[in-house]
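First the proteins, then the strands, lettered A, B, ... as listed; each starts at 1.
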2 protein chains.
Amino acid sequence: MTTMQDVATRAGVSAKTVSRVFNDDPHVTEDTRERVQSAMRELKYVPNMLARTFREGKSAVIGIAVPDVADPFFAAVTKEIELAAREQDMAIVVTSLGDDPSLEQSIIETTVRHQIGGLIIAPISADQSYLARWQDSFPIVFIDRTPSKFNADYFVEDDFGGACEATQHLISHGHTRIAIVGDSTEVPTTRLRLEGYLAALDSAGLKVDKDLVMLGSHDADCAAAACKTLLALPEPPTAIFSSNARFSIGVFPALQTLNRTDIALISYGDFTMADVLRPSVTVIDQDPRHVGRVAAERILARISAPAKRFRRKNILPVNLIERQSCQSSPVLTAPEPGLMTIG
Amino acid sequence: MTTMQDVATRAGVSAKTVSRVFNDDPHVTEDTRERVQSAMRELKYVPNMLARTFREGKSAVIGIAVPDVADPFFAAVTKEIELAAREQDMAIVVTSLGDDPSLEQSIIETTVRHQIGGLIIAPISADQSYLARWQDSFPIVFIDRTPSKFNADYFVEDDFGGACEATQHLISHGHTRIAIVGDSTEVPTTRLRLEGYLAALDSAGLKVDKDLVMLGSHDADCAAAACKTLLALPEPPTAIFSSNARFSIGVFPALQTLNRTDIALISYGDFTMADVLRPSVTVIDQDPRHVGRVAAERILARISAPAKRFRRKNILPVNLIERQSCQSSPVLTAPEPGLMTIG
DNA sequence: AGCAACCATGTCATCGATGACATGAATTTT
DNA sequence: AAAATTCATGTCATCGATGACATGGTTGCT
């Protein structure tokens with residue numbers, strides 16, 4: 001590992017002069033500059049970022065913490081953040097939080113040790129008050145889920161609006177028994193999507209059947225099981241609103257297995273192949289790349305202008321992509337509740 | 001940001017003693033230890049990794065460079081590496097190389113500036129000789145693709161064997177006109193898969209029709225176009241071997257659009273929903289999590305025991321997951337070549 | 001008692017880059 | 001010509017943690 005001192009010795013100058021050449025300081029003669037530059041080339045000098053950023057006090061690295069890097073949504077977000085960060089010569093440190101909320105804090109603290117210059121987080125727990133400690137050290141931006149017990153910039157999708165739109169879409173196709181499959185209401189995102197679902201039912205004058213509200217899943221398999229439970233009800237739903245792409249990946253195969261593709265399905269969150277399945281799945285698209293882009297831009301802006309004021313709360317629009325999975329008419333395919341319970 | 005010195009002052013000792021307490025040095029009295037620990041708690045001391053690793057000379061960070069973090073295969077690999085690294089208190093810096101081979105070197109050099117402790121790379125270019133410079137600085141492990149013009153540990157899938165098996169699978173289902181869709185043969189992986197395909201054809205006594213070898217795609221859309229070209233041939237194939245999951249994601253919809261689900265399809269690389277599509281897609285599974293795990297373990301082993309010797313070349317087995325997409329019989333569904341050209 | 005061994009703790013230097021300030025030479029101003 | 005200004009370059013200190021070594025005190029052994 002060649003250092004500035006090595007280059008300096010080779011070029012017959014002091015380390016400081018090498019530093020000046022490297023940073024394009026105008027106070028260097030053309031002659032010296034050239035000698036230093038050729039010495040750098042000969043020795044293949046590469047600056048030690050660690051030394052530089054250590055001196056500056058903060059790193060040229062942005063921390064990203066999401067529930068799961070392998071989830072297509074977060075993978076796309078991560079990629080976009082990386083591209084945006086690279087434009088500013090910053091690298092990204094990525095961490096998966098997993099699905100145990102109690103581990104969130106310790107995972108974040110491990111990440112923070114690396115003296116990150118900013119943090120983008122999609123939290124999984126219901127309490128981020130532990131972040132207060134870092135509040136002044138580096139900017140923090142939340143994505144996908146709002147912070148709890150903590151104040152910070154956030155960029156979230158319109159969960160309420162999207163869920164409402166999805167439910168209305170099903171209603172407009174004649175469905176009245178609409179189930180929702182989701183994770184725990186501890187997650188603000190899920191709570192909002194549930195509220196959107198309830199609001200849509202309410203404004204259409206439909207009563208809520210709590211048997212059709214299946215919360216508490218935490219992966220695709222759970223969601224598949226929930227789906228089977230729903231269809232085994234005495235009065236099964238004719239449509240399912242999956243509040244999460246991860247769950248849709250479980251629900252869809254479950255419907256296939258049960259041979260119940262007559263059941264309408266709408267997914268909050270697009271997923272690979274959703275448009276190629278039979279039937280292709282109607283979704284609420286969240287545009288992960290846009291989320292990544294705006295989050296990265298905000299972090300970078302906060303880093304370069306710590307004093308500047310920005311809008312804290314940012315709701316990103318979502319849009320419904322209509323495909324085939326809601327086209328079936330419930331009147332034709334669903335068994336009549338009355339007959340069902342008697343027979 | 002509280003430093004060791006702050007804690008030291010508060011506890012009435014020297015910074016060195018704080019360092020000792022922090023690192024569980026036994027040469028500290030119980031009394032002092034307690035005073036220091038409570039001072040650390042009061043001031044919420046968090047060690048500055050940057051300072052520590054700067055002194056050590058290398059970072060507690062592993063660099064990962066893959067063609068695309070958002071690709072499901074690499075996303076899964078990345079996640080597994082992260083989990084393995086975290087067990088050793090290491091973080092990961094992730095970079096997407098994109099699809100322009102000429103940018104590979106500069107992207108890697110940017111990553112290296114961060115003084116990484118090790119590098120895991122799935123290269124996209126045909127020349128990694130530029131890595132020689134870092135050879136002694138930190139361990140380098142290749143995944144998915146073998147290094148070119150450079151020596152390093154690598155863990156690659158059995159491209160030749162897998163492609164051979166895939167092709168044989170198609171042959172055993174009666175296919176004789178089998179197309180291959182892939183990217184450039186610049187990529188060693190692709191070259192090996194092509195060779196496997198050719199070897200299987202050869203050992204079955206089948207001639208190669210170069211119209212059926214469609215290389216040079218670089219994304220799903222290209223692959224879809226290649227697929228359409230193939231089916232428009234005077235003597236179209238009855239089966240397609242997609243040498244890459246990324247391309248399968250383009251080929252499958254193309255077949256659907258053309259209403260040619262009678263064409264058999266086998267994909268090198270499993271992908272989300274492949275098992276739920278109609279027909280579900282037979283694949284060669286590469287087990288990305290296993291790749292990530294072994295690569296991470298090797299890097300960590302190399303970091304902690306630089307002198308130890310390991311096996312350089314590692315070929316990981318792949319296995320064929322049979323689904324529906326190869327079940328159609330070519331004799332029944334494919335137009336007879338002879339009739340076709342005449343008619 | 002006398003000396004070695006051990007122990008708790010402190011001091012200093014170090015890692016690489018760079019800001020603050022110094023130095024000495026050349027050039028310009030009065 | 002003397003003073004002031006500009007300029008190229010150098011020296012030193014610094015960021016936080018820690019290894020090498022020092023110091024002064026206590027214990028143990030003969």
Side-chain angles (χ1 to χ4, degrees), chain A residues 1-37 39-40 43-61 89 110 112-117 134 137-138, chain B residues 1-37 39-40 43-61 89 109-110 112-117 134 136-138:
Chain A
M1 207 86 300
T2 53
T3 74
M4 277 198 169
Q5 187 54 57
D6 299 336
V7 177
T9 312
R10 171 71 151 244
V13 296
S14 77
K16 181 73 226 202
T17 302
V18 177
S19 167
R20 274 193 266 259
V21 172
F22 196 82
N23 295 296
D24 290 319
D25 187 314
H27 296 288
V28 181
T29 52
E30 205 42 47
D31 175 54
T32 317
R33 183 181 305 279
E34 269 164 30
R35 261 184 313 136
V36 170
Q37 273 165 347
M40 291 202 303
L43 298 173
K44 302 188 183 185
Y45 172 71
V46 174
N48 183 336
M49 273 293 239
L50 226 54
R52 170 138 75 218
T53 60
F54 163 57
R55 188 170 206 289
E56 306 295 340
K58 58 172 171 248
S59 160
V61 168
D89 244 310
T110 309
V112 165
R113 284 182 175 207
H114 292 273
Q115 306 302 113
I116 52 180
W134 322 109
S137 311
F138 50 81
Chain B
M1 209 87 298
T2 53
T3 75
M4 278 199 166
Q5 187 52 58
D6 299 336
V7 177
T9 312
R10 171 72 151 242
V13 295
S14 77
K16 181 73 229 206
T17 302
V18 177
S19 167
R20 274 192 266 259
V21 171
F22 195 84
N23 295 297
D24 290 318
D25 187 314
H27 296 290
V28 182
T29 52
E30 205 42 46
D31 175 54
T32 316
R33 184 182 303 280
E34 269 164 30
R35 261 184 314 136
V36 170
Q37 274 166 347
M40 291 202 303
L43 298 174
K44 299 187 183 184
Y45 172 71
V46 174
N48 183 338
M49 274 294 242
L50 226 55
R52 172 143 66 221
T53 59
F54 162 56
R55 187 171 206 287
E56 305 297 339
K58 58 170 170 249
S59 161
V61 167
D89 245 310
E109 287 183 347
T110 309
V112 165
R113 285 182 175 207
H114 292 272
Q115 305 301 115
I116 52 180
W134 322 109
D136 310 316
S137 312
F138 51 82

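- Residue A:Glu34 contributes atom CD, which lies 15 Å from atom P of D:dA8 at whole-angstrom precision.
- One can place OH of A:Tyr45 at 11 Å from C1' of C:dT18, the figure rounded to the nearest angstrom.
- When side chains are defined from C-beta on, A:Val61 does not count as touching A:His114, because their heavy atoms never get closer than 4.5 Å.
- We find that CG of B:Asp6 is positioned 13 Å from C1' of D:dC15, with the value rounded to whole Å.
- Across C:dT14, C:dT18, C:dG16, the shortest atom-to-atom separation from the side chain of B:Phe54 is found for C:dG16.
- Side-chain proximity of B:Thr29 to C:dT9, C:dG16, D:dT18: nearest is C:dT9.
- Nearest nucleotide to the A:Arg52 side chain, out of C:dA17, C:dG16, C:dA8: C:dA17.
- The nearest heavy atom of DNA chain C to A:Thr2 and to B:Arg33 marks one nucleotide each, and the one closer to the 5' end goes with B:Arg33.
- At the phosphate of C:dT9, OP1 or OP2 sits under 4.0 Å from a side-chain N or O atom of B:Thr32.
- Rounded to the nearest 0.5 angstrom, B:His27 NE2 and B:Thr17 OG1 are separated by 12.5 Å.
- Between the P atom of D:dA17 and the CG atom of B:Leu50 lies a distance of 11 Å, rounded to the nearest Å.
- We find that CZ of B:Arg113 is positioned 11 Å from P of C:dA17, with the value rounded to whole Å.
- Taking the side chain as every heavy atom from C-beta outward, A:Asp6 and A:Tyr45 never approach each other to under 4.5 Å.
- Summarising the geometry, atom CG belonging to A:Leu43 is positioned 9.5 Å from atom OG1 belonging to A:Thr3; distances are rounded to the nearest 0.5 Å.
- Side-chain proximity of B:Asn48 to the nucleotides C:dA17, C:dA8, D:dG16 is greatest for D:dG16.
- The distance from the OG atom of A:Ser14 to the CE atom of A:Met4 is 10.5 Å, given to the nearest 0.5 Å.
- Contacts between residues 8-26 of chain A and DNA chain C, counted as heavy-atom distances below 4.0 Å, involve A:Lys16, A:Ser19, A:Asn23.
- Between the CG atom of A:Leu43 and the C1' atom of C:dG16 there is a distance of 15 Å, rounded to whole Å.
- Residue A:Trp134 holds its CH2 atom at 5.5 Å from CE of B:Met1, rounded to the nearest 0.5 Å.
- Contact annotation: the side chain of B:Gln115 approaches that of A:Asn48 to within less than 4.5 Å [non-hydrogen atoms, C-beta and beyond].
- At whole-Å resolution of the value, CZ in B:Arg55 and P in D:dA17 are 12 Å apart.
- Listed pair A:His27 / D:dA8 meets the phosphate criterion, a side-chain N or O lying under 4.0 Å from OP1 or OP2.
- For A:Glu56 and C:dG16, the CD to C1' distance is 12 Å, given to the nearest whole Å.
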